[in-house]
Q: 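Here it is: the structure, laid out below.
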Amino acid sequence: MNFTRRLTRVVNIGGVPLGGNFPVRVQTMTNLPTSDIEGQVEQIRRAVEAGAEYIRITTPTLADVEWLKKIKEKINEHPEDFVVSDGVPAFAGMTTLRGGVVIPLVADVHFSPKVAIEAAKVAAKVRINPGNFIKSDRRVVIPAKAGSPSLTTKSTEGDTYLDQLHSIMRPLLDTCKEYGTVLRIGTNHGSLSERILDQYGDTPEGMVQATLEAVRICQAENFHDIVLSLKSSNVKIMVEATRLLVKRMDEEQMDYPLHLGVTEAGEGEDGRLKSAIGIGSLLVDGIGDTIRVSLTEDPEFEIPVAYGILQASRARITRTEYISCPGCGRTTFKLQEAVKKVKEATAHLTGLKIAVMGCIVNGPGEMADADYGYVGAGPGKVHIYAGKIAVLKNVAEEEAVERLLEIIGSAALR
Ligand code: SF4
């Protein structure tokens with residue numbers, strides 16, 4: 001039952017480190033045209049206020065890189081409005097503001113190597129999609145640099161493709177090295193290359209292979225500031241592909257951090273449930289270093305859901321955790337009202353686990369690893385628990401919340 005997070009290498013994304021023992025980071029993506037500078041900056045402001053730690057912006061063309069530059073400039077006019085408060089400035093040379101750093105921007109490029117190179121000079125991280133990345137250069141045969149490490153041993157059509165991909169990626173990796181930019185290799189189920197599709201079909205295996213091909217190119221160029229993601233709108237595929245990737249990485253002693261997300265998850269309850277299942281399943285496995293909940297809603301609405309998933313999977317605790325039973329015939333007090341009152345009184349106690357249970361018959365046993373318990377003991381009576389021990393018995397319901405707070409307070413003083 002002990003939660004063990006898969007230990008990954010740390011990459012520094014604009015002063016907000018990712019991986020290792022750093023908190024699982026929360027990110028979102030703006031949904032306006034990149035040219036809408038004011039709109040972008042306003043969305044970013046709202047997302048940062050909600051708790052976003054990286055912001056991704058679509059950057060498909062060179063013109064968009066220019067807009068991205070302007071967005072960054074605009075943010076830097078009032079950096080105090082865009083501070084990631086718990087971004088640990090663990091790396092030298094970082095601009096820090098009031099104990100935090102200015103929100104790092106991520107360029108979502110997908111296709112064009114030329115654009116990716118320019119974006120890497122502006123953004124803290126660049127996202128490419130290996131399935132799309134070579135497509136735009138497909139008709140251009142780029143000879144491999146003399147003496148460059150060959151990634152394969154046999155001369156097949158696949159070799160030509162990989163050599164081309166290597167040649168296309170090399171200048172990007174050089175730029176990333178020069179500017180300290182992180183690269184996300186983000187493979188999507190819906191955009192695998194024809195070559196991968198021919199060989200593996202649109203399977204988790206195909207997604208893993210497409211990702212590892214690009215990873216090996218990074219390794220051959222001695223570039224390790226990478227983050228990987230395997231996304232799908234099909235939750236089962238996303239989970240299976242990511243687990244498979246971790247297995248393959250373990251076999252090859254790779255420790256690159258992972259970005260988790262369910263693409264096109266939808267909106268409202270549907271989107272939240274799909275994201276919770278996909279991202280949450282992997283988090284409870286100890287997999288994942290940053291998450292994005294993709295909703296068909298404005299970015300700031302994704303953030304509380306992301307933190308909720310992290311809390312529920314106990315991957316990152318940012319608030320009080322509550323355990324409460326549904327109530328049944330054994331419940332002898334107003335359980336729903338009691339839960340509300342206890343939550344209001346203890347919402348500031350980040351990290352504590354507090355149970356509100358309907359009866360002393362099953363409540364104490366069922367409240368699992370709660371630190372404190374508020375358990376119905378009879379009509380209008382409550383027992384207060386500290387761990388598994390009833391420290392106050394038969395407290396009148398009206399004063400039970402206050403007594404619970406006293407018990408928590410006295411424990412804190414000890
Ligand atoms: S803990 Fe008690 S009151 Fe709550 S559901 Fe279980 S049996 Fe019913």
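If you read the sequence from its start, that first residue is 1, and numbering goes on from there. Every number for a ligand or one of its atoms is a count from 1 in the order of the listing.
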Q: Which heavy-atom pair separates Ala52 from Ile103 by the least distance, and what is that distance?
A: O-CD1, 3.5 Å
Q: Can you tell me if Thr30 uses its side chain to pair, donor with acceptor, with the backbone of Ile57 under 3.5 Å?
A: no
Q: In terms of residue, atom name and distance, what is the protein heavy atom nearest to atom 3 (S) of ligand 1?
A: Thr331 OG1, 3.3 Å
Q: What do we get for Cys325 next to ligand 1 when only non-hydrogen atoms under 4.0 Å count, side chain, backbone, both or neither?
A: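 Only the side chain of Cys325 comes within reach of ligand 1.
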Q: Hey, does Leu258 have a side-chain heavy atom less than 4.5 Å from the side chain of Leu282?
A: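 Heavy-atom side-chain distance check fails, nothing below 4.5 Å.
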Q: Among all protein heavy atoms, pick out the one at the shortest distance from atom 8 (Fe) of ligand 1; state its residue, atom name and that distance to 0.1 Å.
A: Cys328 SG, 2.3 Å
Q: For Arg330, is the nearest heavy atom under 4.0 Å from an atom of ligand 1?
A: yes
Q: What protein heavy atom sits nearest atom 7 (S) of ligand 1, and how far away is it?
A: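 Ranked first by proximity to atom 7 (S) of ligand 1 is Asn362 ND2, 3.2 Å.
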Q: Give the residue, atom name and distance (to 0.1 Å) of the protein heavy atom nearest atom 2 (Fe) of ligand 1.
A: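 Answer for atom 2 (Fe) of ligand 1: Cys359 SG, 2.3 Å.
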Q: Within a distance under 4.0 Å of any heavy atom of Gly358, pick out the atoms of ligand 1 and give their elements.
A: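 Ligand 1 atoms under the 4.0 Å threshold to Gly358: 3 (S), 4 (Fe).
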Q: Roughly how far, to the nearest 0.5 Å, is the CD atom of Glu118 from the CG atom of Leu68?
A: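 It is 11.5 Å, given to the nearest 0.5 Å.
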Q: Find all atoms of ligand 1 within a distance of less than 4.0 Å from any non-hydrogen atom belonging to Gly363, and give their numbers and elements.
A: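 Every atom of ligand 1 under 4.0 Å from some heavy atom of Gly363: 1 (S).
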Q: When you measure from the side chain of Lys343 to the backbone N and O of Tyr322, does any donor-acceptor pair fall under 3.5 Å?
A: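 Checking the backbone N and O of Tyr322 against the side chain of Lys343, no donor-acceptor pair under 3.5 Å is found.
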Q: Measure the acute angle between the ring planes of Tyr374 and Phe333, then classify it against the limits of 30° and 60° as parallel, tilted or perpendicular.
A: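 Rings of Tyr374 and Phe333: tilted, as their planes differ by 30° to 60°.
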